[in-house]
Amino acid sequence: GLNDYFYIKGHGIDPMNFHFSVYDRNGMRLYETDVYDPESPTRMAWDGTNNGNALQGDPILPPGVYIWYCSFLDLKGKPHQKSGMVTLIR
């Protein structure tokens, strides 16, 4: 379906220096990856499960607001940190 995955995409992101994670409102990390592959976004995407892989049987999380955090270097080596909230709706 539409919007089954949440991922970061941008221009000039160094794929060798990328980190993306998702937390619940209590600060428990639910998903984490160092993979940045804009050509295949599902490789780096969170699918709303705890650990991030429903196909492998990871538990599906309840609807709610989750916090995401991303840190990366751009292609010139400048560090960036971004964060925000994503609402999970089933």
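- Within a 6.0 Å sphere centred on CG of Asp4, heavy atoms belonging to other residues, nucleotides or ligands number more than 12.
- Linking ILVMFWY residues whenever their side-chain heavy atoms come closer than 4.5 Å, directly or via other members, places Val22 and Met28 in the same cluster.
- Heavy atoms only, all atoms of each residue included: Asp47 and Arg90 are closest at O-NH2, 3.9 Å.
- Counting only heavy atoms from C-beta outward, the side chains of Phe72 and Lys82 approach each other to under 4.5 Å.
- Here the side chains of Asp34 and Phe18 are not in contact, with every heavy-atom distance at 4.5 Å or above.
- In this structure the side chain of Ile89 never reaches within 4.5 angstrom of the side chain of Pro63, judged on heavy atoms.
- Side-chain atoms of Asn50 and Asp58, non-hydrogen and from C-beta on, never get closer than 4.5 Å to each other.
- Expressed to the nearest 0.5 Å, how far CE of Met44 lies from CZ of Phe6 amounts to 10.5 Å.
- In the hydrophobic clustering of this structure, Val86 does not group with Ile60; members are Ile, Leu, Val, Met, Phe, Trp, Tyr whose side-chain heavy atoms approach within less than 4.5 Å, directly or through other members.
- Between Tyr31 and Trp68, the distance separating the two ring centers is not shorter than 6.0 angstrom.
- Side-chain atoms of Ser21 and His19, non-hydrogen and from C-beta on, do get closer than 4.5 Å to each other.
- Under the 4.5 Å side-chain contact rule for hydrophobic residues, Trp46 and Tyr5 share a cluster.
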side-chain contact (heavy atoms from CB on, under 4.5 Å) between Leu61 and Leu88, intermediate numbers included: CA-CA 8 Å; Leu61 295 167; Leu88 183 62; 4.1 Å; yes
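- Proximity of Asp74 to His80: side-chain heavy atoms (C-beta onward) are separated by under 4.5 Å at one or more points.
- There is a path of hydrophobic side-chain contacts, each under 4.5 Å, that joins Ile13 to Tyr7.
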